[in-house]
Structures are given as C-alpha cells and as structure tokens.
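All heavy atoms count here, side chains included; hydrogens, waters and symmetry mates do not.
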Amino acid sequence: MGDSKAWRYSGGVLVRKKQKHCCWLWRPADMGKGQRRRISWPVVCGVMLFTLGLISLFTGHVASNLEWYSQKLVKHRLWYSKVGHGPIDIWKSELSDLYYGCSERGPHYAPPVGELVSNGYLLIAASGGLNQQRTGITDAVVVARILNATLVVPELDHHSFWKDDSDFGNIFDVDWFISYLAKDVGVVKRVPDKYMRSLEKPPYTMRVPRHSDPQYYLDEVLPVLLRRHVVQLTKFDYRLASELNEELQRLRCRVNYHAFRFTKPLQDVGDKLVMKMRKMANRYIAVHLRFEPDMLAFSGCYYGGGDKERYELGEIRKRWSTLPEASPDGGRKQGKCPLTPHEVGLMLRALGFKNDTYIYVASGEIYGGEETLVPLRNLFPNFYTKEMLLASGQDLQPFLPFSSRLAALDYIVCDESDVFVTNNNGNMAKILAGRRRYMGHKRTIRPNAKKLSALFLQRQKMGWSSFSKKVKSAQRGFMGEPDEMKPGRGDFHEYPTSCICNNPNQSQLTETASQGVNTTATTTTHTGDASSSSSSSSSSSSSSSSLEEEKEDDD
C-alpha cells in the first residue's frame, strides 16, 4: 500500500514523517536512537471516540449538541462570507421571509377588569420627544394592566426642547387606540367628573424610578392607587423594566405596532410623500441623519469646527446639568459620536449603494446647514426631504408649527422605505428598528460607529476596494438580519424577541422551491407548472404598512 504521513515527536515539536499508516507519539527511554514506538491510527481514533463518549456520558449534552453547534458555525460562516467578504443583498435580507411578527394573546390571558371594578384611574404625563413619549405610552398600557387600573388617554409633553403643544388626539387616532386595546386594558378619554369632584386634592402624583419591575408597581403604586383612586405618574419614559414575562412583552408589541395609528391628515400627507418617492424610483433609502445641534451637544463630540463649534455646542449642552464632562476623542473611539453626513454617505457607497440611489433624509436642522450636506449630496444626487417633495408648502403648512407632527411625517416615510439607515441609537432609531423587525425584518442599517470611525481616520491611506471591503466587514451584525435578535439583548423596543416567530410554512416553501429547481435541471417535463408554483410562493411578501412617528428626544 502507499505511504502515509504520520506524526512524530522531535525536540518538543510534533513533525510529520512518511510511514506505513502508523503514528509516532513519543520516544521511550529504552529505545535506541532512531527507533520509535508505533501506534496505529485505529487505536488513536478509538481512544478519541472513547474519550468523547465518556465526556458525553458525564455531561449529558456534549454529543447531543454537536449538530446544534455545527449548524450555528455554518450559519455564522455563511453570514460572515456574505457581509464580511462577499456580496450581500443590500436591499433585502435573504432570511426575512422566514420570520413574522406575532403578538397574539395566550390561551390563559385574562380579560381586563371593567372600569367600575378597576383599582382606579391611572394618569400618565409622557416626557421627551415624540418617540420617547411613544415608548412611555406603550409602557403605561402595560403598567395599567399590571395594576388592574383604567388608563386615561395620556397627556403629551408640552414643555420639552421643541415646545410642541400637540395633544394625543392631534397625532394619534384616539378612538382606534381605545378600541384596539379593549381586550387588554380599559382606556378612557378622561376621568369621570364625579371622581374629580370628590377628590379633596388634585390627583396624587408620583415619579417612579426608571426601569422599575412589575413588583415595584404592585408594592409602591398600587397601595396609593387603592387609597386615592386617581394617580398620575409624571415624566413617564422608560419607567418600566425592559425584561417582562412573555404576555406583557406581547402586549407591548400590540400597543406599539398596532394600537398607535396616526390621524388621517398626518397619514394622508405621509402617504403622499411615500408616493412621490415611489414615482421616482422603485426602491429608496431613508436616512435618519440625527445631526442636529442638540444631538451633537448632548453627545459631547467634536467635528473640527474650532472655537465656534465648541462655544455653540457648549452653550446648548448647559441645559443638561447632570451630563459628565465630555471627551470628544474618547467618545469617537468608543463609537458614541454620530457619523457626519459625509461619513454616512461613504458607508452606504462602500456597502454597494450606487450614486443613482434615491435617498430620503429625515432630519431637523442640520448643524452647519447646507455646507454640511454638500458631500452627501455629491455622493447621492437624488437627495430629498419632505420640504423638497412638498415644495408648494400647502400640504406641509398646517404642520410647520408642530415639531412632533413633522416628525410623524418623517416616521411614515422611513417606515415605508426599502432600507432604513439610522445614524445613532436614539428613540426613533430603536422604535423603527424594532418595528421593521416585527414587520418582516426589512433592511435596517445601523452604523458600527466604533469600527467605522477608525476606518474613516485611515481612509486616505487605503484604496477604495480595500476600504469598501473593511466597511462591509465592520457592518457585519449591523444590517438588520434576523440572527442579530438575541433574547435579552438591548432595549425591548429595539429587539422585540418575544414578538418574532418562525414561519414554518415559508421554510417549507423555500425548501420545495429549491427542490423544484433541482428537479427542473434534471427533467424535461412539467417545468411550466413547477416554475409557476415556486414563483407564486416566493412572491408572497408581507407588505404591512402601519403608521407611526418621528425624530428623537432629550435623552
């Protein structure tokens, strides 16, 4: 038989030597120079299998999990090859059809208590920008459920940075909100007059700590509610823990993705903006730049504007008295600074979006004005905002004095986009990322600012091909793929894991379609039926569009 290469131990190093199917492991002391003890490969393999069997016997799971580990490894390698080293479908995740949003009530879900027998009325004073308030209202519904309370339609924040005096009914459809949640919690438009007249004092107000768990509400808020009958929770934003039991998490999803519906005037104008984008291009990107002065001041980052920039942003920063001293260089290295509009454009071009791509920019006042936007416009000439699309101003005019309503329009266009790009991890970014996952993992790109910032510093030292390859590698895990959803990861509003289910029917259709392709390659009959069947299966896409909102907030 032919020779085979075997291992021998020489000078502390394992080396290979041609032998007749044997293995050198060591040289015993009683052997002469040049002699080796031979151990056959079957013996070595037998020992290895026996050892693995013992480990499996005592741990109870090693061998049984081999297949699971191998599948995870293969999945990781496939994803790495797609994003890190090879081409990727930048418009749509290949795995998106395998998942869908699921927020149905469980079989043992109890109906809500009636208004007359509830534990009292819960008033909520929301806080922050529109999307920060949205998270607060979502959690308020869950808190009302925990307390067996009747929720009063929340009061929006009129005193935040934007000084918007819009009420809940100016932005959201109140009747839809109440009726949709009727099986979860009682919601009323106001506390009945007889209760308000009977109160000796104004409603008792409380501010609970952030991220409080349900038990805190039962221990601290419920006794007050039972005693006072009407309680108001103030500055209500992120006052409920991110991790709850599955029923409460799914209630969050029903509120956030179904109960909120914009008023008809807002929705009509939002749809008009989307229609204008669709008329110009079949696909478009929505970019939430978040490069406004307040955001930059809050971040404490520096963008090369000299003393003028330091003074202007420093003055804005004073409104947050508790912010720690900023470290601009350190913050950028840690990925805490928003990318500039130019850097956002470079990232998108490096990922593979061409300069004829249509982009919609959702943003307020950009720091530095048009001069800051010029590099992004040069990279993507088909650049539009709501003001540009509604140039006549007639449709936009009624909303101009109200920042929250303008933000709602941006939210609608971003939600309907083929790709949503967010430049920071604020409230609008989190809510839209979670919603797009729930609606079928529509492509959502979040810059890996920590790695990208280092790349931008080295941009002039490498060619475009090398830069593009490194950007794709850096963005692995930041493209809105289903495998980015890890239970317990981050904020639930961004990663609604309890509300994402596998679509077994779609998996079967995909497998059947692939089998159909293989059959077509080897047979010459019935090809028409097979192709029409697989195409009709693959074309079923979940185009569920819903209405939601806008920019970001103080926090």
Side-chain angles (χ1 to χ4, degrees), residues 80 83-85 88 90 285 287-306 308-310 312-314 316-317 323-353 359 361-363 366-368 371-380 419-430 433 443-481 484 489-490 494 552:
Y80 185 79
V83 182
H85 295 283
I88 177 178
I90 51 180
I285 300 175
V287 181
H288 187 221
L289 280 180
R290 202 59 177 108
F291 206 71
E292 294 92 344
D294 65 298
M295 179 63 205
L296 303 187
F298 182 84
S299 69
C301 299
Y302 174 69
Y303 292 92
K308 180 175 182 292
E309 177 186 325
R310 291 189 180 93
E312 291 174 345
L313 299 184
I316 299 174
R317 191 174 170 83
L323 282 181
E325 186 174 348
S327 172
D329 293 337
R332 189 159 177 85
K333 290 179 181 178
Q334 295 171 16
K336 296 181 179 180
C337 297
L339 304 184
T340 67
H342 185 205
E343 291 170 340
V344 171
L346 286 174
M347 176 195 71
L348 293 175
R349 291 295 300 274
L351 285 173
F353 293 100
I359 69 171
V361 175
S363 179
I366 296 295
Y367 184 70
E371 184 178 351
T372 304
L373 290 174
V374 167
L376 177 60
R377 287 179 182 271
N378 291 338
L379 289 169
F380 293 97
V419 175
F420 173 59
V421 182
T422 172
N423 194 20
N424 85 315
N425 209 30
N427 292 291
M428 179 175 176
K430 289 178 180 178
R443 179 67 76 201
T444 302
I445 299 175
R446 177 166 56 94
N448 183 352
K450 185 174 182 179
K451 289 187 176 181
L452 291 180
S453 296
L455 281 176
F456 290 131
L457 291 175
Q458 301 295 320
R459 170 68 189 92
Q460 301 303 322
K461 299 179 181 179
M462 66 182 79
W464 178 256
S465 178
S466 177
F467 175 73
S468 176
K469 185 176 180 179
K470 290 179 182 294
V471 168
K472 290 174 183 176
S473 179
Q475 282 301 114
R476 181 169 57 90
F478 291 78
M479 300 290 287
E481 289 288 330
E484 295 173 18
R489 174 183 179 180
E494 183 178 4
E552 322 240 22

query: What's the spacing between Cys337 SG and Leu296 CG if we round to 0.5 Å?
result: 9.0 Å
- prompt: In Å, rounded to the nearest 0.5 Å, how long is the span from CD1 of Ile316 to CZ of Phe298?
  reply: 13.0 Å
field: Main-chain N/O of Ser465 paired with Ser468 side-chain donor or acceptor, under 3.5 Å
entry: no
query: How would you list, by chain and number, every residue that makes a side-chain hydrogen bond (donor to acceptor under 3.5 Å, both in side chains) with Gln334, sequence neighbours excluded?
result: Lys336
Counterpart residues, side-chain hydrogen bond (donor to acceptor under 3.5 Å, both in side chains), relative to Arg446 (two or more places apart): Tyr495
- request: Could you tell me which non-hydrogen atom of Leu313 sits nearest to which non-hydrogen atom of Cys301, and how far apart they are?
  value: CD1-O, 4.2 Å
- line: Scanning both residues in full, the closest heavy-atom pair of Leu455 with Met462 reads CD2-CE, 4.2 Å
query: Any donor and acceptor pair, going by atom type alone, linking the side chain of Arg377 with main-chain N or O of Phe380 inside 3.5 Å?
result: no
task: May I ask you to test the Leu379-Leu346 pair for a side-chain heavy-atom distance under 4.5 Å?
output: yes
query: Do the non-hydrogen side-chain atoms of Arg290 and Met428 ever get within less than 4.5 Å of each other?
result: no
- prompt: Going from CG on Leu452 to CD on Gln475, what distance comes out if it is rounded to the nearest 0.5 angstrom?
  reply: 5.0 Å
message: Return the CD to CG distance between Glu343 and Leu348, rounded to the nearest 0.5 Å.
response: 12.0 Å
field: Non-hydrogen atoms of Lys451 and Ala474 that approach each other most closely
entry: CB-CB, 3.9 Å
- prompt: Are any non-hydrogen side-chain atoms of His342 and Asn378 less than 4.5 angstrom apart?
  reply: no
message: Just so I know, are the side chains of Asn423 and Val287 near enough to count as touching, which here means a heavy-atom distance under 4.5 Å?
response: no
- line: Residues Tyr367 and Glu309: closest non-hydrogen pair is OH-CA, 3.3 Å
- prompt: At what distance, to the nearest 0.5 angstrom, does CZ of Arg476 lie from CD of Glu481?
  reply: 12.0 Å
- prompt: So, does Glu494 use its side chain to make a donor-acceptor pair with the main chain of Ala433 at under 3.5 Å?
  reply: no
- prompt: Checking side-chain contact (heavy atoms from CB on, under 4.5 Å) for the pair Val421/Ile359: CA distance, chi angles, key distance, verdict?
  reply: CA-CA 10 Å; Val421 182; Ile359 69 171; over 6 Å; no
- prompt: Looking only at heavy atoms, what is the nearest atom pair of Asn424 and Met295, with distance?
  reply: ND2-CE, 3.2 Å
- prompt: Do Lys472 and Leu351 touch side chain to side chain, with heavy atoms closer than 4.5 Å?
  reply: yes
field: Any side-chain heavy-atom pair of Ile445 and Ile285 under 4.5 Å
entry: no
query: What is the ring orientation for Phe467 with Phe456, classed by angle as parallel under 30°, tilted 30 to 60°, or perpendicular over 60°?
result: tilted
field: Donor-acceptor under 3.5 Å (Ser473 side chain, Lys469 main chain)
entry: no
query: What are the two closest non-hydrogen atoms of Ile366 and Ser363, and how far apart are they?
result: CD1-OG, 2.9 Å
Any Phe353 side-chain heavy atom under 4.5 Å of Val419 side chain: yes
